[in-house]
Amino acid sequence: MPFIEIDKSIREKDWSMREFHSHDHYEIYFLNKGSRFFFLSNALYKINGPAVVVIPPHTVHKTEGGSFERYNINVSSAYLDPFQKEILEQKSLQILKITAQEAKALSALLDHAYTIDKATKKGEYQLRVLFSYGIFLLDQSSASHQTPQAQSEMDIPPLILKVLDYLNAHYSENITLDGLAEKFFVSKPTLIYNFKKYTKRSPIDFLLTVRITKAKQLLVSTKQSVEIIADTCGFSSANYFGLIFKKKEGISPLTYRKNQLAKM
């Protein structure tokens, strides 16, 4: 089923996502005020509001930092028309710095959209119109593209960013903590300590998140068996894949496939 959800959050104190995650829809993250550190796929960004981040489906991400005001627009691919999808694809995986005037227009639009009762036909129509105008504003904006920062106020060591990049690129391979430590010329305790310090998760937990994200994508986009998907994504067996998948997603891989296909 096509869907769109708009959420607004204001926090006066430091707040961090508990873990890396991904989802099957687009997320338009609009940071209106404040400053955040943004893990996006295999890169780290330090973003200052106002800025927009378009996160495509099946992309591992996480945010943390100090006080902020932000809007989230979660929208399924089925909700988008071809023009809207093209714009979101063009803007995906970038940090788009927008002007104060553009931010004012976008926040006013989202504040209006946030109050609409989309359960009614009139509300649904109004929301579609406002969303279309929001995509138009994003397309017409003078947003500048910000590049990843290997060093920042968090002072994340290049080692950790290299490990993140490696895990994203080699998730299908047989990866162990001993092997990672040897590859990056550090002791296993040093690797685990620093990875947890800067990502709040162990390297293996992050690897499992990447593998599950890739598996979710294959479950929906292909007719491959669970056994083949498990092997493609680096799991030692279909049973182990099913166990980890259910632990993280709450349902089995086949149930996930069935639910997602029913939404299309």
Side-chain angles (χ1 to χ4, degrees), residues 1-5 7 9 15-31 36-45 47 52-64 70-80 85 88-89 91-95 148 160-161 163-173 175 195 198-222 224 226 229-230 232-235 240-261 263-264:
M1 293 288 291
F3 78 89
I4 182 171
E5 297 173 350
D7 176 60
S9 179
W15 181 81
S16 298
M17 283 185 170
R18 292 184 58 251
E19 59 184 26
F20 291 95
H21 71 288
S22 65
H23 36 63
D24 306 284
H25 54 267
Y26 287 88
E27 178 182 337
I28 305 172
Y29 182 97
F30 169 35
L31 181 67
R36 304 289 288 166
F37 291 101
F38 213 111
F39 288 93
L40 187 58
S41 187
N42 60 343
L44 170 70
Y45 300 84
I47 63 174
V52 175
V53 185
V54 178
I55 306 163
H58 309 294
T59 301
V60 178
H61 60 284
K62 179 178 182 289
T63 69
E64 55 187 59
R70 68 103 178 104
Y71 297 82
N72 267 358
I73 306 170
N74 294 299
V75 58
S76 66
S77 295
Y79 190 89
L80 305 171
K85 189 169 184 178
L88 291 185
E89 284 296 315
K91 305 293 185 181
S92 287
L93 301 178
Q94 302 175 35
I95 307 299
I160 302 306
L161 295 177
V163 174
L164 287 167
D165 187 61
Y166 181 83
L167 294 176
N168 271 283
H170 299 271
Y171 64 90
S172 62
E173 301 174 11
I175 295 176
F195 200 93
Y198 295 105
T199 70
K200 308 300 188 294
R201 286 293 178 270
S202 72
I204 296 303
D205 189 58
F206 177 81
L207 174 62
L208 288 175
T209 299
V210 174
R211 286 174 170 171
I212 290 295
T213 295
K214 302 299 181 181
K216 287 163 65 178
Q217 189 172 7
L218 290 174
L219 283 166
V220 177
S221 63
T222 75
Q224 293 177 348
V226 170
I229 291 175
T232 300
C233 294
F235 291 95
Y240 179 61
F241 167 52
L243 181 67
I244 297 298
F245 194 97
K246 190 166 186 178
K247 181 179 179 180
K248 286 187 172 289
E249 300 297 322
I251 54 177
S252 71
L254 289 180
T255 301
Y256 176 85
R257 169 181 273 171
K258 180 179 177 181
N259 291 347
Q260 292 302 312
L261 292 178
K263 296 178 182 179
M264 295 181 174

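Side-chain atoms are counted along with the backbone in the values below, which use heavy atoms only and exclude waters and symmetry mates.
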Shortest non-hydrogen contact from P56 to S92?
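P56 and S92 have their closest heavy atoms at CB-OG, 3.8 Å.
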side-chain contact (heavy atoms from CB on, under 4.5 Å) between D7 and R70, worked out:
CA-CA 8 Å; D7 176 60; R70 68 103 178 104; 2.8 Å; yes
Student check: side-chain heavy atoms of [X] and [Y] closer than 4.5 Å:
X	Y	result
I229	F245	no
F241	P253	yes
T63	W15	yes
Y71	V52	no

The criterion is side chain to side chain contact (heavy atoms under 4.5 Å, CB included); which residues satisfy it with [X], sequence neighbours excluded?
X	answer
L254	V226, S252, R257
S77	Y26, P57, K85
H25	F3, H23, N74

Residue list, ring pair (Phe, Tyr, Trp, His ring centres under 6.0 Å) with [X], at least two apart or on another chain:
X	result
Y166	H170, F184
F20	F39, F206
F195	none

When rounded to the nearest 0.5 angstrom, what distance separates [atom1] in [X] from [atom2] in [Y]?
X	Y	atom1	atom2	value
L208	C233	CG	SG	11.5 Å
H58	S221	NE2	OG	7.0 Å
L88	I28	CG	CD1	4.5 Å
Y29	I73	OH	CD1	13.0 Å
K247	I212	NZ	CD1	11.0 Å
L261	L219	CG	CG	9.0 Å

Considering residues at least two apart in sequence or located in another chain, which fulfil the side chain to side chain donor-acceptor pair (under 3.5 Å) criterion with [X]?
X	answer
K248	D205
Y79	none
T209	none
S22	T213

Go through L161 and D165 one step at a time and tell me if the side-chain contact (heavy atoms from CB on, under 4.5 Å) criterion holds.
CA-CA 6 Å; L161 295 177; D165 187 61; over 6 Å; no
Between N168 (side chain only) and L164 (backbone N and O only), is there a donor and an acceptor less than 3.5 Å apart?
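Checking the backbone N and O of L164 against the side chain of N168, a donor-acceptor pair under 3.5 Å is found.
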So, applying side-chain contact (heavy atoms from CB on, under 4.5 Å) with H61, which one of L93, L40, V53 is it?
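Going through L93, L40, V53 one by one, the side-chain contact (heavy atoms from CB on, under 4.5 Å) with H61 is satisfied by L40 alone.
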Salt bridge (charged side-chain N to carboxylate O under 4.0 Å, His left out) involving E5 - partner list, sequence neighbours excluded:
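Result, salt bridge (charged side-chain N to carboxylate O under 4.0 Å, His left out) vs E5: none returned.
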Per the salt bridge (Lys or Arg N to Asp or Glu O under 4.0 Å) rule, what does the pair list look like for residues 208-221, sequence neighbours excluded?
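Found K216-E249.
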